[in-house]
Amino acid sequence: MPEFLRGRLALLGSLIVLLALGLAAYVMQRPASGTPRAPIVIGLLQALTGSTARSEAPLVAAVKLAVEEINAGGGLLGQRVELKIADTAGNPSLAADGAERLIESDRAAALFGCWSSTCRQVVKAVVEARRHLLFYPLAYEGMEQSPHIVYTGPTPNQQVLPATDWLMNGFGRRIYLVGTDGAYQRRVHAVLRDFIALGGGQVLGERYVPLGGADMGAVIADLHKLQPDAVISTISGESNGAFFDALVTQGVAHLPLLSLRAAEPEMRAFGGGRLDRHFTAWSYLQSLPGPANEAFLSRLRRSQGDAAQASDPAVSAYVAVKLWAAAVREVGSAQTDVVNANVVEQAVTGPQGFVAVDGPSRNLWRPLRIAQVRPDGDLGEVLLLPRHIKPEPWPAFRSTEHWLTELARAEVTP
């Protein structure tokens with residue numbers, strides 16, 4: 001046999017051996033027929049304990065429901081979705097540690113949650129360093145855009161500013177501000193002071209209370225002294241109960257109050273309906289009529305118990321999981337960077353209706369409803385703005401440079 005032919009046969013034999021070895025390795029590593037593939041893990045960062053746990057419980061329930069629904073429909077890419085939860089206890093350090101653990105140890109494909117802006121900021125540093133992905137469901141102060149966060153809660157121009165404009169037009173322009181001492185509140189109040197002044201109004205006074213604080217003596221003294229036309233509250237968590245109690249017992253329950261950080265679960269839990277003229281502003285109300293919301297609430301209570309409550313932040317968390325799942329299906333992968341690039345093109349239908357991501361800002365287009373708190377704590381719609389509002393992370397009535405200066409002034413130590 002010629003020498004060149006023997007060489008080619010030897011090479012062909014080596015290739016056959018390599019192919020056989022590769023096929024054997026594939027067969028050994030491939031799951032046996034009928035063996036389930038490993039689940040796709042996602043992580044949730046919410047307080048299961050601490051002063052905001054009651055407010056955050058609806059978000060946990062809504063995310064659990066979203067995962068259950070995905071799995072009931074066959075999962076994603078032939079895999080179940082597994083939810084792992086890190087209890088932040090309202091502590092930003094625990095949130096950062098939880099995010100690291102979910103990404104590194106649990107190999108989470110995406111993170112969801114956080115309550116306060118301080119929590120979001122510390123987790124932002126983690127997901128940016130890891131080139132990961134967070135879906136943040138709360139109303140926030142804007143003045144931030146990260147390529148690793150999708151913001152499913154409202155920006156100021158989608159909630160705080162139109163609601164304040166409505167309040168001043170209806171009740172007067174002499175406003176008192178009160179909030180929890182936190183990053184969101186101080187930054188939003190900076191925006192509100194500007195907005196109210198530009199609208200011909202006046203901020204008569206402003207107070208901050210500690211997270212979970214119950215002493216409202218200084219706030220009540222201000223209200224008696226200043227007699228504002230209306231009060232705007234950005235109080236978060238359990239302190240809402242102490243604030244509502246103080247307004248009732250100290251004879252100032254008649255003042256119009258716009259609560260921007262309390263939704264239906266808080267209003268029911270803390271007796272927000274005891275106040276004469278108590279309002280809030282959200283895209284989603286639990287009392288929304290229509291089959292989509294009725295079916296959502298039915299599924300939620302069947303899954304999480306008859307006492308389960310929905311709120312705008314909870315629905316924003318639910319929609320976030322659905323947007324992530326839609327991106328996974330479309331790209332055919334749960335790989336974080338691939339999903340992150342695609343999710344800004346997604347739209348889904350939620351309990352509140354059609355939901356779409358605004359790609360450039362990574363926020364959602366949102367409707368706005370002004371609602372009055374009824375005696376039982378339910379919310380009754382008094383105004384629906386005529387169209388969905390495009391998100392503006394940087395309030396358009398001042399320059400970006402102005403807001404950067406205000407951010408520096410409003411910084412607080414977590």
Side-chain angles (χ1 to χ4, degrees), residues 36 38-50 52-77 79-90 94-95 98-99 101-103 105-115 119-120 123 133-138 150 152-153 237 263-266 268-269 284 286 288 292-329 334 339 343 346 348-352 355:
I40 301 171
V41 176
I42 60 174
L44 180 63
L45 297 158
Q46 299 293 171
L48 306 179
T49 58
T52 60
R54 186 167 4 195
S55 295
E56 297 188 48
L59 284 74
V60 178
V63 170
K64 286 181 176 179
L65 173 63
V67 172
E68 284 182 14
E69 290 177 349
I70 291 168
N71 288 332
L76 294 173
L77 314 178
Q79 297 167 263
R80 289 182 61 258
V81 176
E82 181 180 348
L83 176 66
K84 291 188 178 283
I85 304 175
D87 180 10
T88 67
L94 291 179
R101 184 173 65 255
L102 288 166
I103 293 170
S105 300
D106 297 315
R107 316 305 278 178
L111 302 182
F112 299 82
C114 282
W115 183 259
C119 172
R120 185 193 71 249
V123 174
L133 176 61
L134 170 70
F135 290 81
Y136 181 65
L138 266 290
V150 177
T152 61
E264 273 151 314
E266 291 91 345
R268 289 184 171 187
Y284 171 83
Q286 196 166 241
L288 277 182
N293 187 45
E294 290 171 6
F296 167 74
L297 291 173
S298 177
R299 297 194 307 272
L300 178 68
R301 288 161 184 163
R302 192 163 56 245
S303 167
Q304 301 297 311
D306 291 341
Q309 297 291 311
S311 65
D312 188 280
V315 167
S316 295
Y318 173 86
V319 163
V321 178
K322 297 292 187 172
L323 288 166
W324 169 80
V328 171
R329 291 190 188 100
V339 171
V343 73
Q346 292 300 326
V348 296
T349 300
Q352 74 277 50
V355 178

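Everything numeric in this text was worked out from a predicted model, so none of it was measured.
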Leu111 vs Ile42, side-chain contact (heavy atoms from CB on, under 4.5 Å): CA-CA, chis, key distance, verdict: CA-CA 6 Å; Leu111 302 182; Ile42 60 174; over 6 Å; no

Test side chain to side chain donor-acceptor pair (under 3.5 Å) applied to Glu264 and Gln309, step by step: CA-CA 8 Å; Glu264 273 151 314; Gln309 297 291 311; over 6 Å; no

Stepwise side-chain contact (heavy atoms from CB on, under 4.5 Å) test for Thr349 and Val355: CA-CA 6 Å; Thr349 300; Val355 178; over 6 Å; no

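Looking only at distances, no side-chain donor or acceptor of Asp106 sits under 3.5 Å from a matching main-chain atom of Val41. Of the possible polar contacts, none joining the Thr88 side chain to the Leu94 backbone as a donor-acceptor pair under 3.5 Å is found. Put simply, the side chain of Asn71 gets close to the backbone of Val81: a donor and an acceptor are under 3.5 Å apart. Side-chain atoms of Asp87 do not come within 3.5 Å of backbone N or O of Ala47 as any donor-acceptor pair. Without hydrogens or angle criteria, Ser298 side chain to Glu294 main chain gives no donor-acceptor distance under 3.5 Å.
The closest side-chain heavy-atom distance from Ser303 to Glu68 is below 4.5 Å. Counting only heavy atoms from C-beta outward, the side chains of Val60 and Leu48 approach each other to under 4.5 Å. Under the 4.5 Å side-chain criterion, counting only non-hydrogen atoms from C-beta, Leu83 is in contact with Lys64. Residues Leu45 and Leu102 form a side-chain contact, since some pair of their non-hydrogen atoms from C-beta on lies under 4.5 Å apart.
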Residues 317-324, side-chain donor-acceptor partners within the protein, below 3.5 Å, at least two apart:
residue, atom, partner, partner atom, Å
Tyr318, OH, Glu69, OE1, 2.6
Tyr318, OH, Arg299, NH2, 3.1
Lys322, NZ, Glu69, OE1, 2.8

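Taking all atoms of both residues into account, the shortest heavy-atom contact from Ala292 to Gly350 is CB-O, 4.4 Å. Shown here for Pro313 and Trp115, the closest heavy-atom pair between the two residues is CB-CZ3, 4.5 Å. Here the closest non-hydrogen pair linking Ser311 and Pro265 is CB-CD, 3.7 Å. Nearest heavy atoms, Ala326 versus Val348: CB-CG1, 4.2 Å. Shown here for Val123 and Cys114, the closest heavy-atom pair between the two residues is CG2-SG, 3.6 Å. Shown here for Leu59 and Gln46, the closest heavy-atom pair between the two residues is CD2-OE1, 3.5 Å.
Atom OG1 of Thr52 is separated from atom CD of Glu266 by 10.0 Å, given to the nearest 0.5 angstrom. In this structure, the separation between CD on Gln286 and CG on Asn293 is 7.5 Å, given to the nearest 0.5 Å. For the atom pair Phe135 CZ and Ser316 OG, the distance stands at 12.5 Å (nearest 0.5 Å). Here CG of Leu297 is found 11.5 Å from CZ of Arg302. Values are rounded to the nearest 0.5 Å. Between the CD atom of Glu56 and the OG1 atom of Thr49 there is a distance of 9.5 Å, given to the nearest 0.5 Å.
The pair Glu82-Lys84 counts as a salt bridge, with a side-chain nitrogen and a carboxylate oxygen less than 4.0 angstrom apart.
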